[in-house]
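Encoded as structure tokens, the structure appears first; notes follow it.
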Amino acid sequence: MEWEAVIGLEIHAQLATNSKIFSGASTAFGAEPNTQACAVDLALPGTLPVFNEEALRMAVKFGLAIDAEIGRTSIFDRKNYFYPDLPKGYQTSQLFHPIVGVGHVDITLEDGSTKRVGVTRAHLEEDAGKSLHDEFPGMTGIDLNRAGTPLLEIVSEPDMRSAEEAVAYVRKIHSIVTSLGICDGNMAEGSFRCDCNVSVRLKGEEEFGTRTETKNINSFRFIEKAILGEIDRQIDLIEDGGRVVQETRLYDANKNETRSMRSKEEANDYRYFPCPDLLPIVIEEDYIEEIRNNLPELPDARKERFIEQYKLSDYDAMVLSADRFLAEYFETVVTAAKDAKLAANWVMGELSKHLNANDTSIGDSPVSADQLGGLLVRIKDNTISGNIAKKVFEVMWSEGGSADEIIEAKGLKQVTDSGAIEAIVDEVISKSGPQVEQYIAAEPDKRGKMIGFFMGQVMKATGGKANPGAVTGILKKKLDALCD
Ligand code: ADP
Ligand code: MG
């Protein structure tokens with residue numbers, strides 16, 4: 001039997017406003033508990049919400065970026081439930097008339113194929129506070145700093161058929177919201193998180209299977225793992241004669257498995273109704289057009305520009321354009337190094353390798369774009385070879401400093417002085433009797449390959465600092481002279 005997965009995602013993107021969606025309290029991350037919660041966030045009697053227009057502007061930007069209908073009249077609804085971190089007793093959200101309607105994004109898969117994924121809707125809502133279970137023994141603390149933080153909830157159609165497609169979709173949405181500057185995209189801090197709805201069915205079947213929803217996954221890798229695990233779990237369950245129950249599950253990254261949190265039967269009836277404290281939001285065509293005319297460059301357009309302007313391959317352009325900050329970094333390196341291919345190789349190679357290994361985002365890279373640009377300039381003007389440059393980069397990464405400072409301090413300057421190289425070549429030749437014999441005995445057209453051995457010896461003697469081009473020339477000249 002061949003199974004097929006069906007996946008639909010709900011993404012919560014925290015909007016990068018300075019203040020909350022219905023109050024003037026700050027949204028900055030990491031403050032002391034309850035220092036950024038005002039009377040409105042605490043739901044004190046007599047307080048009223050005032051809508052933050054910046055959140056609207058950001059939601060409209062997103063809608064335009066995914067080619068969606070913008071709701072000309074959108075309405076806030078109350079989603080009623082009780083929880084200690086929700087002092088109002090309801091979350092202000094949008095159910096019936098969201099700000100963003102049907103849209104779509106195109107994703108690119110590893111085999112180079114593309115696929116269109118539908119976005120059902122995106123609506124504005126507020127975040128809840130946080131319960132702290134580990135601070136006080138035997139008690140739970142409530143931190144309301146996050147209460148009232150603006151969120152855009154982006155709901156996809158159940159269009160994805162594999163974990164790979166789901167991750168590509170999440171990356172695309174991440175890339176769009178960060179490019180628009182409406183979300184900082186920081187998954188570790190919870191600014192961008194994902195609920196994964198997964199079901200399975202036999203291939204060829206029309207009807208969807210029963211789905212589960214795994215909540216609040218906050219890394220691309222965990223999204224992939226949680227979905228893969230959930231697909232396997234459901235298939236095993238059905239093949240063993242069981243059936244999938246509709247439920248909410250939690251992903252445990254330590255055990256790499258999902259487990260049940262609550263079933264749909266126990267789910268709340270939220271008794272949604274329009275919020276009487278907030279007027280409907282009515283927007284005019286002019287407002288939308290003004291935002292449309294000022295949209296920043298989006299990932300798809302940036303990718304095309306990179307191919308055109310820097311002559312990058314499709315793949316390189318895709319990798320370098322997806323993340324706005326990586327793209328900006330790359331372009332700064334190109335400006336300094338004046339060589340797009342070299343810059344692309346280093347940003348996608350050495351730099352990305354170090355970022356991944358240290359779990360560091362491009363924004364926190366200890367090597368700045370200017371520093372890397374300066375290093376590439378020294379490769380291009382032959383001050384150092386590519387191999388030595390990797391050593392310089394290593395020092396730059398761990399100790400800081402400019403390429404010139406490190407080259408100077410560590411004495412890594414390439415030896416290009418032909419007199420100095422000749423002396424070393426002479427010494428290598430005099431010490432390599434058998435290899436020289438072989439060289440002389442070889443057919444002239446086989447000799448080229450044999451240079452490698454002598455090259456290696458010269459590099460060893462100079463600590464890799466001899467200019468490879470110069471060494472090859474001198475070696476050939478001297479060895480061929482011995483053959484006459
Ligand atoms: P709810 O309001 O209960 O969260 P929705 O109908 O809004 O349910 O769907 C939530 C998400 O679940 C959407 O992203 C949708 O694409 C996805 N979804 C719906 N049905 C299925 C299914 N059978 N399998 C996988 N995903 C699904
Ligand atoms: Mg849901």
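Starting from 1, each residue takes its place in the sequence as its number. This structure is a prediction, so every number in the text was calculated from the model and none was measured. Start at 1 and go down the list; that is how both ligands and their atoms are numbered.
- The environment of NZ in Lys390 is sparse: at most 12 heavy-atom neighbours from other residues, nucleotides or ligands sit within 6.0 Å.
- Proximity to Leu9 (heavy-atom distance under 4.0 Å) selects the following atoms of ligand 1: 14 (O).
- Here Val155 has side-chain heavy atoms under 4.0 Å from ligand 1, and that is the only part of it that gets that close.
- Figure legend: Lys79 and Tyr270 shown as a cation-pi pair, the cationic atom lying under 6.0 angstrom from the six-membered ring centre and within 45 degrees of its axis.
- For the pair Arg78 and Phe273, the cation does not sit on the ring face, since its NZ or CZ is not both under 6.0 Å from the ring centre and inside 45° of the axis.
- Close N/O approach between Val198 and ligand 1 is not found [any backbone or side-chain N/O within under 3.5 Å].
- Atoms of ligand 1 found under 4.0 Å from any heavy atom of Val6, numbered from 1 in the order shown, are 24 (N), 25 (C).
- For ligand 1, none of its N or O atoms has an N or O atom of Phe208 under 3.5 Å away.
- Considering Pro158, Ser156, Gly209 only, the shortest heavy-atom separation from atom 23 (N) of ligand 1 involves Gly209.
- Which of Glu207, Glu213, Arg211 comes nearest to atom 8 (O) of ligand 1 through a heavy atom is settled by distance: it is Arg211.
- The proximity of Glu157 to ligand 1, defined as any non-hydrogen pair under 4.0 Å, is limited to the backbone.
- Between Phe192 and His174, the ring center distance clears the sub-6.0 Å criterion.
- Summarising the geometry, atom OG1 belonging to Thr258 is positioned 8.5 Å from atom CD belonging to Gln234; distances are rounded to the nearest 0.5 Å.
- The pair Asp127-Lys20 fails the salt-bridge criterion, with no side-chain N (NZ, NE, NH1 or NH2) lying under 4.0 Å from an Asp/Glu carboxylate O.
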